[in-house]
Amino acid sequence: MSDAAQPTAAEVRAAAEAVKTALDRHLAAVERRSGEEDPAVYDAFNELAAAAEAYDELLYDRYDEVTPFEIPGEDTLPPYTGPEEPSALSVLIRRDYAVAEPQRLMAQARRVEAADEEAPDVEASGTVHGALGLLFGEFEPDEIASRHKEFGLEEGDSTLWVTAADESADPGEWLQAPFEEVDPERVVCRFDVSTVFDEEFDDDIEDDEDEEDDEDRDDEDDEDRDDEDGDADLTELGGDLDTDLDTDLDTDLDTDLDTDLDEDEDDEPARLEADR
């Protein structure tokens, strides 16, 4: 980014003040919340997230520095505001596939076509578009999901949303636009499947392994220092033992020598008397 396009120090300071204000508002909303899913807390949370993200961007643009803030993705659902006891629900499913092996896909479609005696004379299995129509018309989506490799498909992301309603929709009411009127605040639960979660999990495992390796190296260093201290203690102990042993030997030798000399002096008069 050019110097002319960089934010000013005053703009960065103003963004920091906005974060402080948003923090105060968020704390006040939490202290006054009426329940676990208070909309005021949710709004204050979003304001704080937006202020923190803006500050992070300005800080980086101006000073090439970052913050430790982690802003949740936009797929975070708002608090549930639907009926406490729903009388109806909708299950919305999306599964993405890549056509990895078109020939395998069309071969499976030809088998379906050959087994259908009432199939029209036109072979729909000759194109990927036609083969997809045949297979998804013949098999349930769950079966295709479990056998996707047999059909030459490669799984992508998938999601399942369960939404609550006050009453059941009339027949044919939403068929023209089945996914346009989904209210995120009426989502009871959702389940997402994506390889991005596996990558994050692998990153967490690698971080844990790195921490364990660091701890193991620290333990080995401590053991090495303990071994060195133990060797030093043994050396010192050996020196003390040698000194004590030498002292004891010298003392015993001196004592034995003195005893022998005394005995010799006592026996000398007796030998002289015997000689006479």
Side-chain angles (χ1 to χ4, degrees), residues 1-82 92-98 154-164 177 179-215 217-218:
M1 179 179 290
S2 65
D3 293 339
Q6 284 186 347
T8 64
E11 289 174 330
V12 179
R13 173 62 61 182
E17 293 299 329
V19 173
K20 297 176 186 178
T21 301
L23 278 170
D24 291 336
R25 290 177 179 173
H26 182 261
L27 177 58
V30 170
E31 292 173 340
R32 296 193 307 266
R33 67 182 177 184
S34 57
E36 292 185 0
E37 297 181 350
D38 190 335
V41 176
Y42 177 74
D43 292 339
F45 172 87
N46 284 339
E47 291 177 6
L48 176 57
E53 186 173 12
Y55 171 65
D56 188 84
E57 291 178 357
L58 291 173
L59 185 70
Y60 181 79
D61 292 341
R62 176 68 184 182
Y63 301 109
D64 198 25
E65 290 290 343
V66 295
T67 68
F69 304 144
E70 182 176 353
I71 309 301
E74 296 180 356
D75 59 345
T76 302
L77 290 173
Y80 175 75
T81 59
L92 309 176
I93 301 175
R94 172 174 174 170
R95 292 190 177 115
D96 286 357
Y97 297 96
E154 182 179 321
E155 279 188 314
D157 291 351
S158 64
T159 186
L160 182 149
W161 292 26
V162 179
T163 64
F179 303 111
E180 287 186 357
E181 297 183 1
V182 179
D183 186 353
E185 294 186 355
R186 285 180 171 252
V187 175
V188 178
C189 58
R190 63 177 289 181
F191 303 95
D192 302 322
V193 177
S194 175
T195 55
V196 70
F197 301 138
D198 297 334
E199 293 171 0
E200 292 175 356
F201 181 71
D202 292 339
D203 291 340
D204 292 339
I205 291 178
E206 291 177 0
D207 292 340
D208 292 340
E209 290 177 349
D210 291 340
E211 291 178 1
E212 291 177 359
D213 291 340
D214 292 339
E215 291 176 358
R217 282 193 292 271
D218 291 340

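What's counted below: heavy atoms across the whole structure, side chains too, no hydrogens, waters or symmetry copies. Count residues from 1 along the sequence. A quick note: this is a predicted structure, and the numbers were derived from the prediction, not measured.
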What is the distance from atom [atom1] of [X] to atom [atom2] of [Y], rounded to the nearest 0.5 Å?
X      : Y      : atom1 : atom2 : value
Asp157 : Arg94  : CG    : CZ    : 8.5 Å
Tyr42  : His26  : OH    : NE2   : 12.0 Å
Tyr80  : Glu185 : OH    : CD    : 11.0 Å
Gln6   : Asp64  : CD    : CG    : 9.5 Å
Phe191 : Ile93  : CZ    : CD1   : 11.5 Å

Any Tyr97 side-chain heavy atom under 4.5 Å of Glu154 side chain | no
Validation row: Val182, Thr163 side chains within 4.5 angstrom (heavy atoms) = yes
With Thr159 as reference, evaluate Val193, Asp96, Asp192 under the side chain to side chain contact (heavy atoms under 4.5 Å, CB included) test and give the passing residue.
-> Asp192
Which heavy-atom pair separates [X] from [Y] by the least distance, and what is that distance?
X     : Y     : value
Val66 : Tyr60 : CG1-CD1, 3.9 Å
Val41 : Ala29 : CG2-O, 3.4 Å
Arg32 : Asp38 : O-OD2, 4.2 Å
Arg25 : Ala44 : O-CB, 4.1 Å
Val19 : Leu48 : O-CD1, 4.0 Å

Can you tell me if Glu11 uses its side chain to pair, donor with acceptor, with the backbone of Thr8 under 3.5 Å?
-> yes
Under the 3.5 angstrom rule, does the side chain of Asp56 hit a backbone N or O of Thr67 as a donor-acceptor pair?
-> yes
